[in-house]
Amino acid sequence: YLKEVTANKDEEEAVEFAKAELKKRDKSEISTLLYLYEEKLLVTGSTDSIIRVYDESEPEESILLKLMIGGHQDSDITALAYSSYFGLVASGSSNSLICFW
């Protein structure tokens with residue numbers, strides 16, 4: 001079962017930047033993911049060092065809300081965690097960096 005993914009119009013510039021970044025890389029695979037049930041958000045970390053946040057409130061469509069780029073210095077993202085208390089996502093990468101978003 002596949003869902004259509006669309007970008008929020010406010011994020012089009014970020015999506016274009018991400019597309020350009022992805023073209024520079026050989027391939028990008030999701031390496032970790034986190035589903036926030038109450039917020040209906042899907043957060044993915046990938047081998048291209050980009051964290052993506054999707055709105056999953058619509059059952060037929062995923063909407064790309066945000067791209068988080070630059071924290072992991074071209075390293076695979078290997079872990080994601082969320083704190084509802086602080087409203088922050090933490091990510092870890094294979095180069096031993098931890099970032100808070």
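The analysis underlying the following values was restricted to heavy atoms, covering all of them including side chains, and did not include hydrogens, waters or symmetry mates. Everything numeric here is computed off the predicted structure, so don't read it as measured data.
Of all heavy-atom pairs between Val89 and Val43, the closest is CG1-CG1, 4.4 Å. The minimum heavy-atom distance between Thr32 and Ile77, with the atom names listed, is CG2-O, 3.9 Å. The two residues Leu80 and Gly45 make their nearest non-hydrogen contact at CD1-N, 3.6 Å. Contact between Ala81 and Leu34 at its shortest, heavy atoms only, is C-CD2, 3.8 Å. Nearest approach of Arg52 to Asp48, heavy atoms of both residues: NH2-OD2, 3.0 Å.
The CD1 atom of Ile69 sits 4.5 Å away from the CD1 atom of Ile50 when rounded to the nearest 0.5 Å. In this structure, SG on Cys99 lies 10.5 Å from CE on Met68, to the nearest 0.5 angstrom.
Take Ser93 and apply the side-chain hydrogen bond (donor to acceptor under 3.5 Å, both in side chains) test, not counting sequence neighbours, and it matches His72, Asn95. Remark: Phe100 pairs with Ala90, Ile98 by the side chain to side chain contact (heavy atoms under 4.5 Å, CB included) rule, at least two apart or across chains. Residues passing the side-chain hydrogen bond (donor to acceptor under 3.5 Å, both in side chains) test with Thr78: none are found, sequence neighbours excluded. In this structure, Thr44 has no side-chain hydrogen bond (donor to acceptor under 3.5 Å, both in side chains) partners at least two apart in sequence or on a different chain. With sequence neighbours excluded, the residues that form a side chain to side chain contact (heavy atoms under 4.5 Å, CB included) with Leu88 are Phe86.
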**Study point:** Test side-chain hydrogen bond (donor to acceptor under 3.5 Å, both in side chains) applied to Ser75 and Ser94, step by step
**Key:** CA-CA 6 Å; Ser75 188; Ser94 58; 2.7 Å; yes
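Although no hydrogens or angles enter the test, the distance criterion places no donor-acceptor pair under 3.5 Å between the side chain of Ser49 and the main chain of Gln73.
For the pair Trp101/Lys66, no side-chain contact is recorded, criterion being any heavy-atom separation below 4.5 Å from C-beta on.
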